[in-house]
Amino acid sequence: MKNRVALVTGASRGIGAAIAAALARAGVHVLTPSRTEMDLAVPESIERYVDTIEGPIDILVNNAGINFLAGIDELDSATLNATLQINLVAPLQLTRLVAERMKANRFGRIVNLSSIWSIVSKERRMAYAASKSAINGVTRTLALELGPHGILVNAIAPGYVNTELTRQNNSAEQIQAISDTIPLQRLAEPAEIAEMVAFLCSGKNSYMTGQVLVVDGGYVCR
Ligand SMILES: NC(=O)c1ccc[n+]([C@@H]2O[C@H](COP(=O)([O-])OP(=O)(O)OC[C@H]3O[C@@H](n4cnc5c(N)ncnc54)[C@H](OP(=O)(O)O)[C@@H]3O)[C@@H](O)[C@H]2O)c1
C-alpha cells in the first residue's frame, strides 16, 4: 500500500483514529481532516477541503458518524436531518468528488462505516438506523457504478465498539449487560475494526465489492 493516499473522516478519535493508524502502518499517506478543516455538516466545507488536496486519492474511508438517541415521539427534524447529513449525504458527496480522481487512476477503495443497527435494531435508534441502512444500499449501488473503473466499494457494520460514541449512549452498567449478550463476551476494540477496514482498502482485496461485513463478536447471530 506504499505510495497510496487515503482520506479518512472522523479520525480524531475512536474507530477513525485506529483506521488512520492501521493505514499509516501499511505505508499509506493518510489525510485526516479535523472538523475545523472539513465540517461534514457543511457541503461547501467538504468541497473546499477536497479542492485543497493535490494529486490522487486512492482510498476513502467514510468513518465519521453521529448517533443521537430519540424515539418516534422525540425525534425532531433537526436531529433527523443532521444524522442523515453526516452519516449519509456527506459520504455521498465525498465519494462523488473523490471517485473522479480514482477513475483517472483506475484504482480505488472506498469503505463506508455502517452498523449492526442497519441489520437489526434497537429502540431510539431510528435516525441512525435509517442512515446506516441507506449507506448499505448506497454501497451496493456504488459497487455497480464504480466497479468498471477499478474502484471497490464495501461497508463494515460493527457491533458495539469501545469508543466515546458507545459510552455516550450506554451507561457502564448497560455496557456490562450488553457484553454478556455478545458471544465473544466483550466489546470490540477500535483496532479490530480498523484491521478489517485496512484489508478492504488494500490491494489484497482484489475481488470483494458491494458487501456489508458484520464485525460484531457474533451479536446479530442471536
Ligand atoms: N462505536 C460503535 O460502537 C460503533 C458501532 C457501529 C458503527 N459505528 C460507526 O463507526 C463510525 C465511528 O464511530 P466512533 O464510535 O469511532 O465515533 P466517535 O468516537 O463518536 O467519533 C466520531 C468522529 O466523527 C467526527 N465527526 C462527527 N461529526 C462531524 C462533523 N460534522 N464533521 C466532521 N467530523 C465529524 C468526530 O469529530 P470531532 O472529534 O470533531 O467530534 C469524531 O472524529 C461512525 O460512523 C459510527 O456510526 C460505531
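Since this is a predicted model, take the numbers as computed values, not measurements. Each ligand, and each atom within it, is numbered from 1 in the order the structure gives.
Ligand 1 is surrounded by Gly10, Ala11, Ser12, Arg13, Gly14, Ile15, Arg35, Met38, Asp39, Leu40, Ala41, Asn63, Ala64, Gly65, Ile66, Ile86, Leu113, Ser114, Ser115, Tyr128, Lys132, Pro158, Gly159, Tyr160, Val161, Thr163, Leu165, Thr166, each with at least one heavy atom closer than 4.0 Å.
Put simply, the side chain of Thr9 gets close to the backbone of Ala64: a donor and an acceptor are under 3.5 Å apart. Checked by atom type and distance alone, the side chain of Arg109 pairs as donor or acceptor with a backbone atom of Asn205 at under 3.5 Å.
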Could you pull out every donor-acceptor pair under 3.5 Å between side chains of residues 143-154 and any protein atom, sequence neighbours left out?
| residue | atom | partner | partner atom | Å |
| --- | --- | --- | --- | --- |
| Asn154 | OD1 | Gly210 | N | 3.2 |
| Asn154 | OD1 | Gln211 | N | 3.0 |
| Asn154 | ND2 | Met208 | O | 2.8 |

Which pairs would a plain distance check flag for residues 179-187, meaning a side-chain donor or acceptor within less than 3.5 Å of a matching protein atom at least two apart in sequence or in another chain?
| residue | atom | partner | partner atom | Å |
| --- | --- | --- | --- | --- |
| Ser179 | OG | Ile175 | O | 2.9 |
| Asp180 | OD1 | Gln176 | NE2 | 3.3 |
| Thr181 | OG1 | Ile178 | O | 2.7 |
| Gln185 | NE2 | Asp180 | O | 3.3 |
| Gln185 | NE2 | Ile182 | O | 3.3 |
| Arg186 | NH1 | Glu192 | OE1 | 2.9 |
| Arg186 | NH2 | Glu192 | OE2 | 2.9 |

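Between the CZ atom of Phe68 and the OG1 atom of Thr83 there is a distance of 7.0 Å, given to the nearest 0.5 Å.
Not a single salt bridge (charged side-chain N to carboxylate O under 4.0 Å, His left out) links Arg125 to another residue, sequence neighbours left out.
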